[in-house]
Amino acid sequence: EREREREREKEREGSGAVLFPDWAYKPAWSPGSRQVHLWHFLLELLGRGEGGAITWGSEWGEFVIKDPERLAKLWGERKGKPHMNYDKLSRALRYYYNKRILHKTKGKRFTYKFNFNKLILVNYPSLPTCPQVTSSVKHFNCV
DNA sequence: ACCGGAAACT
DNA sequence: AGTTTCCGGT
């Protein structure tokens, strides 16, 4: 499990395709935690721009799950949970509401929105506003 | 489809 | 702590 994670990291480094800043992959707020978190996994898929299971939406930080069951299967594979489905994955997403990591875009099916400010705030308590945005990190632009 | 309580798991 | 599992309710 850990080996795979390290291999992926090496791949990222090797390809030079840094889609998100380091803190998006390795949260500083959970020191010693090697766990792959769901929001982390989602950013990874969105960063790859694979687009089959999940894509960015129209608004900043908004994403749309195009194939809920496929996304659930991918997540299940990552976590070693072969019986993962969208019902259970979406429960995990709902736990993010109180943590202010995500919220639901009401009325839009399978559509959620990242609270990047909260993510940034959690990782960097010293940064009250937006991070410095590099050209390759479009979705971290501040409105 | 979406919500959120409750209990269980790692 | 961050889910996973299950489920009754809207």
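Model, not experiment: these values are computed from the prediction. Order of the sequence lines fixes the chain letters, A, B, ..., with proteins taken first and strands second; residue numbering starts at 1 for each chain.
Checked against the 6.0 Å centroid threshold, A/W75 and A/F41 count as a close aromatic pair.
Remark: A/W75 is in phosphate contact with C/dT4, judged by side-chain N or O atoms under 4.0 Å from OP1 or OP2. Remark: A/K88 is not in phosphate contact with C/dT3, judged by side-chain N or O atoms under 4.0 Å from OP1 or OP2. An OP1 or OP2 oxygen of B/dA1 is reached within less than 4.0 angstrom by no side-chain nitrogen or oxygen of A/Y86.
Rounded to an integer number of Å, the gap from OH of A/Y97 to P of B/dG5 is 13 Å. Residue A/N85 contributes atom CG, which lies 10 Å from atom P of C/dT4 at whole-angstrom precision. Remark: P of C/dT4 and CZ of A/F41 are 11 Å apart, rounded to the nearest angstrom. Computed from coordinates, the A/D87 CG to C/dT10 C1' distance equals 15 Å when rounded to whole Å. We find that CD of A/E77 is positioned 14 Å from P of C/dT4, with the value rounded to whole Å. At whole-Å resolution of the value, CZ in A/R94 and C1' in C/dT10 are 12 Å apart. For the pair A/L102 CG and B/dC3 P, the interatomic distance rounds to 11 Å; values are reported in whole Å. A/L93 has its CG atom 13 Å from the P atom of B/dG4, to the nearest Å.
For A/Y95, whose side chain is taken as the heavy atoms from C-beta onward, the closest listed nucleotide among C/dG2, C/dT3, B/dA1 is C/dT3.
At a cut-off of 3.5 angstrom, the base of B/dG5 holds at least one donor-acceptor pair with the side chain of A/R91. You won't find any donor-acceptor pair under 3.5 Å spanning the side chain of A/Y112 and the base of B/dA1, going by distance alone.
A donor-acceptor pair under 3.5 Å is absent between the side-chain atoms of A/K104 and the main chain of A/Y97, judged by distance alone. At distances below 3.5 Å, at least one donor-acceptor pair connects side-chain atoms of A/N115 with backbone N or O atoms of A/R100. Although no hydrogens or angles enter the test, the distance criterion places a donor-acceptor pair under 3.5 Å between the side chain of A/T111 and the main chain of A/R109. Of the possible polar contacts, none joining the A/Y112 side chain to the A/L102 backbone as a donor-acceptor pair under 3.5 Å is found.
As judged by a 4.0 angstrom heavy-atom cut-off over every strand, A/L38 is placed among residues touching the sugar-phosphate backbone only. Counting any heavy atom pair closer than 4.0 Å across all strands shown, A/Y96 reaches sugar-phosphate atoms only and no base atom. Within 4.0 Å of A/R109, counting heavy atoms only, lie sugar-phosphate atoms of the nucleic acid but no base atom.
The 5' end of DNA chain B is approached more closely, in terms of each residue's nearest nucleotide, by A/K106 than by the other of A/K81 and A/K106.
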